Amino acid sequence: NISNNFDAVISKISSTILIIFYIPFLFVFVGNLSVLEYSREFLVLFLLLVFACDSFAWFFGVLFGNGTRGLISVSKNKSLIGFIGGIVSTIAIAYTYSLFFPHVFLGYHIKVSITGLCTALAAICGDLAESALKRSAAVKDSGSIMPGRGGIMDSIDSILFAAPIYYMLIMFFFV
């Protein structure tokens, strides 16, 4: 009985620490992008990449992913085809975006494509990590404020994980 109480206390402490630091820490990187010389272009690209990865992964998964579902235990509805579709689409969007802003990305199309790839992978990891947290808490949706989205965390989980990766790549490649 003492062991169960201790486990419950540790679980509550861990949850509290995670809530306090998880979102604010990762959003710091989005804020850091806002002070760069081409902050508008970088921020728009970031949001495009994250939302494109999520949307195109869903789109390709729904259309073509039936045979490749269930490979990831924390999220049985995700498919390998969806992941691939999301990643390829995100790289294509990054490359295309760089063509519209040559003053920012002149000659750096490969670097922008690498940024798209890494951002997509981080966004997918964020989505899966949040699914794992929900599964461990035996919760289907993390809220109901946004109908059809599964909660606020389902809308920002990819942003939270991708922000540090994207920021580091922007700083390494373009600043």
Side-chain angles (χ1 to χ4, degrees), residues 22-23 25-69 71-72 74-132 142 145-175:
Y22 176 64
I23 295 173
F25 171 74
L26 295 175
F27 264 127
V28 164
F29 293 100
V30 174
N32 286 345
L33 286 171
S34 69
V35 299
L36 299 177
E37 181 179 357
Y38 298 111
S39 61
R40 184 177 343 142
E41 290 85 354
F42 291 142
L43 285 167
V44 168
L45 177 59
F46 174 64
L47 294 174
L48 275 174
L49 295 180
V50 172
F51 293 139
C53 183
D54 191 32
S55 298
F56 281 105
W58 172 83
F59 178 76
F60 282 103
V62 166
L63 283 182
F64 309 110
N66 287 336
T68 61
R69 292 190 197 286
L71 299 174
I72 311 263
V74 297
S75 194
K76 300 281 188 200
N77 289 329
K78 305 271 192 275
S79 70
L80 180 61
I81 298 298
F83 290 141
I84 293 169
I87 291 167
V88 170
S89 298
T90 303
I91 293 168
I93 287 171
Y95 180 82
T96 303
Y97 185 85
S98 72
L99 298 176
F100 286 98
F101 298 97
H103 64 285
V104 179
F105 303 106
L106 183 64
Y108 295 118
H109 302 301
I110 298 296
K111 291 179 180 180
V112 170
S113 299
I114 291 169
T115 302
L117 169 68
C118 294
T119 302
L121 292 172
I124 289 169
C125 288
D127 190 33
L128 293 174
E130 205 259 335
S131 292
S142 56
I145 291 174
M146 300 169 69
R149 290 289 299 156
I152 289 177
M153 282 303 296
D154 285 328
S155 299
I156 63 172
D157 54 5
S158 299
I159 292 173
L160 294 175
F161 263 64
I165 301 300
Y166 179 81
Y167 176 77
M168 287 185 266
L169 289 166
I170 291 297
M171 295 303 291
F172 183 72
F173 286 148
F174 305 108
V175 176

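Just the heavy atoms: all of them, side chains too, but no hydrogens, waters or symmetry mates, feed the values below. Computed from a predicted model, the values in this text were never measured in an experiment.
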inquiry  = Working to the nearest 0.5 angstrom, can you tell me the gap between Phe83 CZ and Leu121 CG?
reply    = 10.5 Å
task = Run the numbers on Leu99 and His109 for side-chain contact (heavy atoms from CB on, under 4.5 Å), then give the verdict.
result = CA-CA 8 Å; Leu99 298 176; His109 302 301; 3.5 Å; yes
remark   = Scanning both residues in full, the closest heavy-atom pair of Ala129 with Phe161 reads CB-CZ, 3.5 Å
message = Applying side-chain contact (heavy atoms from CB on, under 4.5 Å) to Met171 and Leu36, what does each step give before you reach the verdict?
response = CA-CA 9 Å; Met171 295 303 291; Leu36 299 177; 3.9 Å; yes
query = Hey, does the side chain of Ser98 reach the backbone of Tyr95 with a donor-acceptor pair shorter than 3.5 angstrom?
reply = yes
Residues, nucleotides or ligands: over 12 heavy atoms within 6.0 Å of Tyr108 OH = no
query = Can you name the nearest heavy-atom pair linking Ala122 to Ala162, along with the distance?
reply = CB-CA, 3.6 Å
note = Heavy-atom closest pair (Ala94 atom, Leu45 atom, distance to 0.1 Å) is CA-CD1, 4.1 Å
key: Val30 to Ala163 - nearest heavy-atom pair and separation   = CG2-CB, 3.7 Å
ask   = Just wondering, do Ile159 and Phe51 contact through their side chains at under 4.5 Å, heavy atoms?
value = yes
message = Measuring only between side-chain heavy atoms, which start at C-beta, is Ile124 closer than 4.5 Å to Ile87?
response = yes
query = When you look at CZ of Phe172, are more than 12 heavy atoms from neighbouring residues, nucleotides or ligands closer to it than 6.0 Å?
reply = no
note = Interatomic distance, CG@Leu48 vs CG@Leu43, rounded to 0.5 Å, equals 11.0 Å
message = Applying the ring pair (Phe, Tyr, Trp, His ring centres under 6.0 Å) criterion to Phe174, which one of Phe105, Tyr166, Phe101 satisfies it?
response = Phe105
Main-chain N/O of Gly31 paired with Ser34 side-chain donor or acceptor, under 3.5 Å = yes
query = Shortest non-hydrogen contact from Ile93 to Ala52?
reply = CD1-CB, 3.3 Å
inquiry  = Could you check whether atom CG of Leu47 has more than 12 heavy atoms from other residues, nucleotides or ligands sitting under 6.0 Å from it?
reply    = yes
ask   = Roughly how far, to the nearest 0.5 Å, is the CG atom of Asp54 from the OG1 atom of Thr90?
value = 9.5 Å
remark   = Phe56 and Gly85 have their tightest heavy-atom pair at CB-O, 4.1 Å
message = Between Phe42 and Val104, is the side-chain contact (heavy atoms from CB on, under 4.5 Å) condition met? List the steps.
response = CA-CA 9 Å; Phe42 291 142; Val104 179; 3.7 Å; yes
query = Does any N or O in the side chain of Tyr97 come within less than 3.5 Å of the main-chain N or O of Leu49, such that one atom is a donor and the other an acceptor?
reply = no
query = Roughly how far, to the nearest 0.5 Å, is CG of Leu160 from CG of Asp127?
reply = 11.5 Å
key: Separation of Thr115 OG1 from Ile91 CD1 (nearest 0.5 Å)   = 10.5 Å
side-chain contact (heavy atoms from CB on, under 4.5 Å) assessment of Ile114 paired with Phe173 = CA-CA 10 Å; Ile114 291 169; Phe173 286 148; 3.9 Å; yes
key: Point-to-point distance, once rounded to the nearest 0.5 Å, from OG of Ser39 to CG of Asn32   = 12.0 Å
